Amino acid sequence: MTDTQIFEPDGRAVPFAVEGEGPVALVLLPENEIGADGLGVISHYLVEEAGFHVVRIGARADSETVADRVDDVVAVLDHIGLEHAWIGGHGVGGTVARVFANAHTDRSNGLLLLGVEDEDIALAPQIPVLIIQGAADEVTPPANGERLQTTAPERASVKNLDAAGHLFPLDHPIETAFIIEEYLDWD
């Protein structure tokens, strides 16, 4: 697996990891710590099997708000020179991705949500959205993703993982990665 680096803009210690150099760029935001969920396994699969370029950006210890995390994402992307990518996350990481995509539509190729929090955040206009959710998720219930999908049915798709709970990125990483690969690498 890829080593985590620390970027310190303005004294903030932002953990991140970069893997692969492929033409499809994807930024993944975990719920909290960068190594505490299945996004590393998903990232590695997408790099090795599909040739993706994946950047994972974790939450720093003193990050208190979604706006703090969005600022950290912008800082890391600027630091590594990534101008635009698909942006996605799991749980609260997906909420951060939604806010980022709304504020930075010029840098967002699309939005990937792994479980949808019940937050009143509109989908960014005109970008494709892939929602993956665990059918048995009690933390971010499938109804949240289905409700969000109805706000942009022409560009938002929902995929369910049967019998999967909230930790489906950890419990079902290959199935999750396969859905991402099929959707993002369709050309």
Side-chain angles (χ1 to χ4, degrees), residues 2 17-31 37-57 73 77 82-102 104-117 119 121-137 140-187:
T2 303
V18 178
E19 229 181 325
E21 298 177 4
V24 178
L26 172 62
V27 176
L28 290 174
L29 310 173
E31 287 197 288
D37 60 16
L39 297 185
V41 175
I42 292 169
S43 172
H44 190 69
Y45 174 91
L46 291 171
V47 167
E48 293 298 319
E49 299 299 323
F52 280 33
H53 174 71
V54 182
V55 179
R56 290 180 293 123
I57 304 172
V73 171
L77 295 182
L82 188 58
E83 294 181 22
H84 52 84
W86 272 79
I87 181 90
H90 177 228
V92 71
T95 299
V96 173
R98 286 165 69 185
V99 172
F100 176 92
N102 274 310
H104 303 280
T105 54
D106 59 321
R107 298 186 82 167
S108 304
N109 294 344
L111 182 61
L112 168 65
L113 302 173
L114 305 174
V116 175
E117 288 192 314
E119 296 288 337
I121 302 167
L123 291 173
Q126 300 181 356
I127 64 170
V129 180
L130 173 60
I131 300 167
I132 304 173
Q133 51 196 14
D137 188 341
T140 55
N144 294 352
E146 291 159 6
R147 193 168 38 253
L148 186 62
Q149 189 269 342
T150 64
T151 67
E154 71 286 353
R155 58 190 175 87
S157 298
V158 176
K159 304 292 183 186
N160 290 303
L161 290 170
D162 294 334
H166 182 65
L167 297 178
F168 69 86
L170 183 62
D171 299 336
H172 302 280
I174 302 306
E175 295 94 327
T176 303
F178 184 75
I179 293 169
I180 296 168
E181 175 188 7
E182 288 293 306
Y183 190 88
L184 271 64
D185 197 26
W186 57 269
D187 58 345

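Being a predicted model, the structure only gives us computed values, none of them experimental.
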Could you give the distance from OG1 (Thr151) to CG (Leu123), rounded to the nearest 0.5 Å?
4.0 Å

Side chains of Thr95 and Glu117: is there a donor and an acceptor less than 3.5 Å apart?
yes

Centroid-centroid distance, His172 to Phe168, less than 6.0 Å
no

Heavy-atom closest pair (Val129 atom, Tyr183 atom, distance to 0.1 Å) is O-OH, 3.6 Å

Gap separating the CH2 atom of Trp86 from the CD1 atom of Ile127, nearest 0.5 angstrom:
7.5 Å

Side-chain contact, heavy-atom cut-off 4.5 Å: Glu182 with Lys159?
no

If you round to the nearest 0.5 Å, how far is CG of Asp106 from CD of Glu83?
9.5 Å

Is the shortest side-chain heavy-atom distance between Ile57 and Pro30 below 4.5 Å?
no

Is the ring centre of His84 less than 6.0 Å from the ring centre of His104?
no

Non-hydrogen atoms of Glu19 and Gly40 that approach each other most closely:
OE1-O, 4.5 Å

For the student: nearest non-hydrogen atoms of Gln149 and Ala156, plus distance:
NE2-O, 3.0 Å

Exactly one candidate in Leu28, Ile42, Leu26, Val18 meets side chain to side chain contact (heavy atoms under 4.5 Å, CB included) with Arg56; the answer is Leu28

Can you tell if the side chain of Phe178 reaches within under 4.5 Å of the side chain of Glu49, non-hydrogen atoms only?
no

Minimum side-chain heavy-atom gap Leu161-Asp171 below 4.5 Å
no

What's the shortest heavy-atom distance between Thr140 and Gly91, and which atoms?
CG2-CA, 4.5 Å

Any donor and acceptor pair, going by atom type alone, linking the side chain of Asn144 with main-chain N or O of Val116 inside 3.5 Å?
yes

Give a yes or no answer on whether the side chain of His53 reaches the backbone of Gly20 with a donor-acceptor pair at less than 3.5 Å.
yes

Heavy-atom pair of closest approach, residues Thr105 and Ala124
CG2-CB, 4.0 Å

Arg98 vs Leu148, side-chain contact (heavy atoms from CB on, under 4.5 Å): CA-CA, chis, key distance, verdict:
CA-CA 11 Å; Arg98 286 165 69 185; Leu148 186 62; 3.7 Å; yes

Taking the side chain as everything from C-beta on, heavy atoms only, tell me whether Phe52 gets closer than 4.5 Å to Leu184.
yes

Nearest-0.5 Å distance, CD of residue Glu175 to CD1 of residue Ile132:
11.0 Å

So do the side chains of Val47 and His44 get within less than 4.5 Å of each other, counting heavy atoms only?
no

Do Arg107 and Ile87 have side-chain heavy atoms sitting under 4.5 Å apart?
no

Between Leu46 and the options Thr176, Val24, Ile180, the side chain to side chain contact (heavy atoms under 4.5 Å, CB included) test singles out Ile180

Could you go step by step and tell me if Arg155 and Leu111 meet the side-chain contact (heavy atoms from CB on, under 4.5 Å) rule?
CA-CA 10 Å; Arg155 58 190 175 87; Leu111 182 61; over 6 Å; no

Testing the basics here: between Ala97 and Gly89, what is the closest heavy-atom pair and its distance to 0.1 Å?
CB-N, 4.2 Å

